Participant: 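Dumping the structure here so I can ask a few things about it.
Values in this document were obtained by computation on a predicted structure and should not be read as measured data. By convention here, the first residue in the shown sequence is residue 1.
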Amino acid sequence: MPGDTLTIPLMRPRLPDAEALLPYLREIDRARWYTNFGQLLDRFERRLAETFRVEVGQITCVANGTLGLTLALKALEPAPGALCAMPSWTFAATPGAACAAGLVPWFLDVDEGTWALEPRALKARLREAPGPVAAVVPVSPFGAPVDVAAWQALSEETGLPVAIDAAAAFDSLSIGRSPAVVSLHATKVFGIGEGAMVASTDEGMTARVRRLSNYGFGKGAQVAAPGINAKMSEYAAAVGLAALDAWPAMRRTYVELTQAYGAAFDAAEGISMAPSFGAGRVSSTCNVDLGAPVADEVITRLSARGIETRRWWGRGCHRYPAFADFPRTALPVTERLADSIIGLPFFPGLTEPEVMQVRDAVCAALSG
């Protein structure tokens, strides 16, 4: 039967292999230090700081991105039970982290052109907020750059602290004072399996996140604020170091794949790529706007051809039962995007003929 055999999967992550990991694993064996801010984690954070051209101490690593965003919000010390403004057009981890930090998600619409919550739009909506707003979480849509300076300016003007969900933005992030959380999940362009980095030029902020990731322990083994266990292990740091060794070659692979998709869809009528896709940065997903609310039909038709696709962000967080009762503004752009966007196969090893096969299948599905 058509669709029973998957010919092109959505994603096949590629992390460092056993040979690349072995030198780092042997270091762990020699040191017999497995977690609690070991030598490999220290080296990984230092190399990340070098990669992003910030100071040592301005990046701290944690066990995963959701915990990182939760701790970044808690480090801002917002009033418990207050609103946390964010787009509904995001992954479920964003409102989940706000809830874990003791806040109430307040869903706002995104911009049609950028697929992101914009500072000017939030500012215009603040008077309509159904309660006190204690924090804002802008989201990088599928790795697109976030205007960090604009969000910092809004924070200074309004007094609202900002924590940036930059989960997919490893290759596009500019680091500022507002904490930004980058996921290092296996599905990300720079992945280590599970993990995340929290970055800020405010070293007091990253220090607070670090303390909170270790139960809240500070100097003298005193707990100044309740924290959790969100530390990154030495094994995860070992994968991270090996992944950094391979990053230049891996990035070139993603650049070539991005260019192949851009060329394939350049003349596809009515289909547009995600904002900033191919504009000098790489991400681990390829999302296309079909221009009409036909995502379900196209997904079904591509599946029948053995091509796996996905709505990476579902239909908007406000449509999940877990978040349906949270306050929100009107969300016409979010709902249009959610019904019109699909994620296409995108991973190292995908060939140019396979990209063309995907393009032809999408065009055929749209033509009926």
Participant: Ignoring hydrogens, what is the shortest heavy-atom contact between Ser178 and Gln152? Give both atom names and the distance.
Facilitator: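 Closest approach of Ser178 to Gln152: OG-OE1, 3.1 Å.
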Participant: Can you find a pair of side-chain heavy atoms, one from Val62 and one from Lys231, that are under 4.5 Å apart?
Facilitator: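 No, too far: nothing below the 4.5 Å cut-off.
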Participant: I'd like to know whether CD of Gln39 has more than 12 heavy-atom contacts from other residues, nucleotides or ligands below 6.0 angstrom.
Facilitator: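 Check fails, neighbour count at 12 or below.
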Participant: Asp245 vs Arg47, test: salt bridge (Lys or Arg N to Asp or Glu O under 4.0 Å). Steps then yes/no.
Facilitator: CA-CA 10 Å; Asp245 295 339; Arg47 286 186 62 182; 2.9 Å; yes
Participant: Looking at the rings of Phe170 and Phe52, which for Trp means the six-membered one, are their centres under 6.0 Å apart?
Facilitator: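 Here the rings of Phe52 and Phe170 have centres that are less than 6.0 Å from each other.
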Participant: Specify the closest pair of heavy atoms between Leu103 and Ala135, including all atoms of both residues, with the distance to one decimal.
Facilitator: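 Smallest interatomic distance, heavy atoms only, reads CD1-CB, 4.3 Å.
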Participant: Using 4.0 Å as the upper bound for N to carboxylate O, is an ion pair formed by Arg319 and Asp339?
Facilitator: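 Salt bridge between Asp339 and Arg319, a charged N being under 4.0 Å from a carboxylate O: yes.
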Participant: Take Glu128 and Arg125, measure what salt bridge (Lys or Arg N to Asp or Glu O under 4.0 Å) needs, and give me the verdict at the end.
Facilitator: CA-CA 5 Å; Glu128 305 170 20; Arg125 291 287 190 178; 2.8 Å; yes
Participant: Has the side chain of Ser233 got a donor or acceptor atom that lies under 3.5 Å from a matching backbone atom of Thr35?
Facilitator: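 Judged by distance alone, no pair lies under 3.5 Å.
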Participant: Any donor-acceptor pair under 3.5 Å linking the side-chain atoms of Thr187 with those of His185?
Facilitator: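 Side-chain D/A pair, His185 to Thr187: present.
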Participant: Is the shortest heavy-atom distance from the side chain of Asp171 to the side chain of Trp247 under 4.5 Å?
Facilitator: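 Counting from C-beta outward, Asp171 and Trp247 do come under 4.5 Å.
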Participant: With salt bridge (Lys or Arg N to Asp or Glu O under 4.0 Å) as the test, would you mind laying out the steps for Glu77 and Arg208 before giving the verdict?
Facilitator: CA-CA 10 Å; Glu77 299 180 341; Arg208 287 195 294 277; 5.1 Å; no
Participant: Going by an N to O cut-off under 4.0 Å, is there a salt bridge joining Arg120 and Asp111?
Facilitator: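 A salt bridge links Arg120 with Asp111.
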Participant: Under 4.5 Å between any side-chain heavy atoms of Met197 and Val181, yes or no?
Facilitator: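 Counting from C-beta outward, Met197 and Val181 never come under 4.5 Å.
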Participant: Using atom types as modelled and distance alone, determine if a side-chain donor or acceptor of Ser340 lies under 3.5 Å from a backbone N or O of Gly291.
Facilitator: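 Side chain of Ser340 to backbone of Gly291: no pair is present.
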Participant: Hey, are Arg336 and Asp109 close enough for a salt bridge, meaning a charged N less than 4.0 Å from a carboxylate O?
Facilitator: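 Looking at Arg336 and Asp109, the cut-off is not met.
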Participant: Kindly give the heavy-atom pair with the smallest separation between Ala134 and Pro78, and that separation in Å.
Facilitator: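 Reported closest heavy-atom pair: CB-CB, 3.6 Å.
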Participant: Please check this pair: side chain of Asp165 against backbone of Thr94, looking for a donor-acceptor N/O pair closer than 3.5 Å.
Facilitator: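 Here the side-chain-to-backbone pair does not exist.
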Participant: Please determine if Arg210 forms a cation-pi arrangement with Phe37, meaning its NZ or CZ atom is less than 6.0 Å from the six-membered ring centre and no more than 45° off the ring axis.
Facilitator: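 Yes, cation above the ring, under 6.0 Å and within 45°.
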Participant: Hey, mind stepping through Asp360 and Arg305 against salt bridge (Lys or Arg N to Asp or Glu O under 4.0 Å) and telling me if it holds?
Facilitator: CA-CA 11 Å; Asp360 291 346; Arg305 290 171 172 252; over 6 Å; no
Participant: When you measure from the side chain of Thr206 to the backbone N and O of Gly57, does any donor-acceptor pair fall under 3.5 Å?
Facilitator: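 It does hold such a pair.
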Participant: With a 4.5 Å cut-off on side-chain heavy atoms, are Met273 and Phe265 touching?
Facilitator: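 With C-beta onward as the side chain, the pair touches.
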Participant: Checking the side chain of Asn64 only, and the main-chain atoms of Leu67 only, is there a donor and an acceptor separated by less than 3.5 Å?
Facilitator: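 It does hold such a pair.
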Participant: Do Glu45 and Arg43 come within less than 4.5 Å of each other through their side chains, counting heavy atoms only?
Facilitator: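 SC-SC contact between Glu45 and Arg43 ruled out.
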Participant: Is there a side-chain contact between Leu73 and Val137, using heavy atoms and a 4.5 Å cut-off?
Facilitator: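 Of all side-chain heavy-atom pairs linking Val137 with Leu73, at least one is under 4.5 Å.
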Participant: Taking all non-hydrogen atoms of both residues into account, name the closest pair between Ser155 and Val162 and its distance.
Facilitator: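 Closest approach of Ser155 to Val162: CB-CG2, 4.0 Å.
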Participant: Does the distance from a Lys or Arg side-chain N to an Asp or Glu carboxylate O, for Arg359 and Asp266, drop under 4.0 Å?
Facilitator: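 No, no charged N to carboxylate O under 4.0 Å.
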Participant: Given 3.5 Å as the limit, does a donor-acceptor pair link the side chain of Asp289 with the main chain of Ile341, or not?
Facilitator: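 Flag not set: sc Asp289 to bb Ile341 has no pair under 3.5 Å.
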Participant: For the pair Arg301 (side chain) and Ala365 (backbone), establish whether a donor and an acceptor sit closer than 3.5 Å, ignoring hydrogens and angles.
Facilitator: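 Yes; at least one donor-acceptor contact below 3.5 Å.
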Participant: Using a 3.5 Å distance criterion without hydrogens, assess whether the side chain of Glu335 forms a donor-acceptor pair with backbone atoms of Pro332.
Facilitator: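 Here the side-chain-to-backbone pair does not exist.
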Participant: Side chains of Ser200 and Asp202: do they bring a donor and an acceptor to under 3.5 Å?
Facilitator: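 The answer is no; no qualifying pair exists.
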Participant: Centre-to-centre under 6.0 Å for Phe142 and Trp313, is that the case here?
Facilitator: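 Yes: the rings meet the under 6.0 Å criterion.
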Participant: Does any N or O in the side chain of Ser276 come within less than 3.5 Å of the main-chain N or O of Ala279, such that one atom is a donor and the other an acceptor?
Facilitator: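 Not confirmed, Ser276 side chain does not pair with Ala279 backbone.
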Participant: State, to 0.1 Å, how close Met11 and Ser284 come at their nearest heavy-atom pair, and which atoms those are.
Facilitator: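 Nearest heavy atoms, Met11 then Ser284: CE-O, 3.2 Å.
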Participant: Take atom CD of Glu112 as the centre, draw a 6.0 Å sphere, and report whether it contains more than 12 heavy atoms from other residues, nucleotides or ligands.
Facilitator: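 Yes, enclosed.
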Participant: Has the side chain of Glu234 got a donor or acceptor atom that lies under 3.5 Å from a matching backbone atom of Tyr34?
Facilitator: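 The answer is no, because no donor-acceptor pair under 3.5 Å joins these two groups.
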